[in-house]
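Positions are given from 1, in the same order as the sequence printed here.
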Amino acid sequence: VHGGTDAPYVFVDLEGKPSWDMFSKILEEAQVVTIPGAGFGPGGEGFLRLSAFAPREACEEACTRLRTAMKPDAVPAA
């Protein structure tokens with residue numbers, strides 16, 4: 001993870017996974033909106049940008065949803 005110090009954004013390294021694919025997976029399975037790194041140009045591919053521009057409670061809820069959805073044994077939501 002890069003960023004977050006004195007800024008409301010962090011960039012998450014997807015370890016080679018396409019950013020649009022992970023954007024879709026997270027939106028569908030966690031109902032959390034992220035920003036695909038590809039939208040920032042070729043150097044952004046392989047990253048997602050997360051933002052904390054929301055009330056604290058909403059950010060905490062998003063983190064809980066991400067933890068649940070991204071567990072290795074997580075089952076996609078129907």
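- A donor-acceptor pair under 3.5 Å is formed between the side chain of E45 and the backbone N or O of S19.
- Note that CD of E29 is 11.0 Å distant from CG of L66, once rounded to the nearest 0.5 Å.
- The CZ atom of F23 sits 9.5 Å away from atom CD of E28, with the distance rounded to the nearest 0.5 Å.
- Contact check for L27 versus V33: side-chain heavy atoms found under the 4.5 Å cut-off.
- For the atom pair CG of L50 and CD1 of I26, the computed distance is 7.0 Å after rounding to the nearest 0.5 Å.
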Determine, step by step, whether M70 and K25 satisfy the side chain to side chain contact (heavy atoms under 4.5 Å, CB included) criterion, reporting the C-alpha distance in whole Å, the side-chain angles of both residues, the deciding distance to 0.1 Å, and the verdict.
CA-CA 9 Å; M70 297 296 106; K25 176 181 174 63; 3.9 Å; yes

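- At distances below 3.5 Å, at least one donor-acceptor pair connects side-chain atoms of R65 with backbone N or O atoms of Q31.
- In this structure, OG1 in T34 is found 11.5 Å from CZ in F11, a value given to the nearest 0.5 Å.
- Aromatic ring centres of F47 and F40: separated by at least 6.0 Å.
- Every residue two or more places apart in sequence or in another chain that forms a side-chain contact (heavy atoms from CB on, under 4.5 Å) with A62 is listed here: V32.
- The side-chain contact (heavy atoms from CB on, under 4.5 Å) check on S51 picks up Y9, F53, with sequence neighbours excluded.
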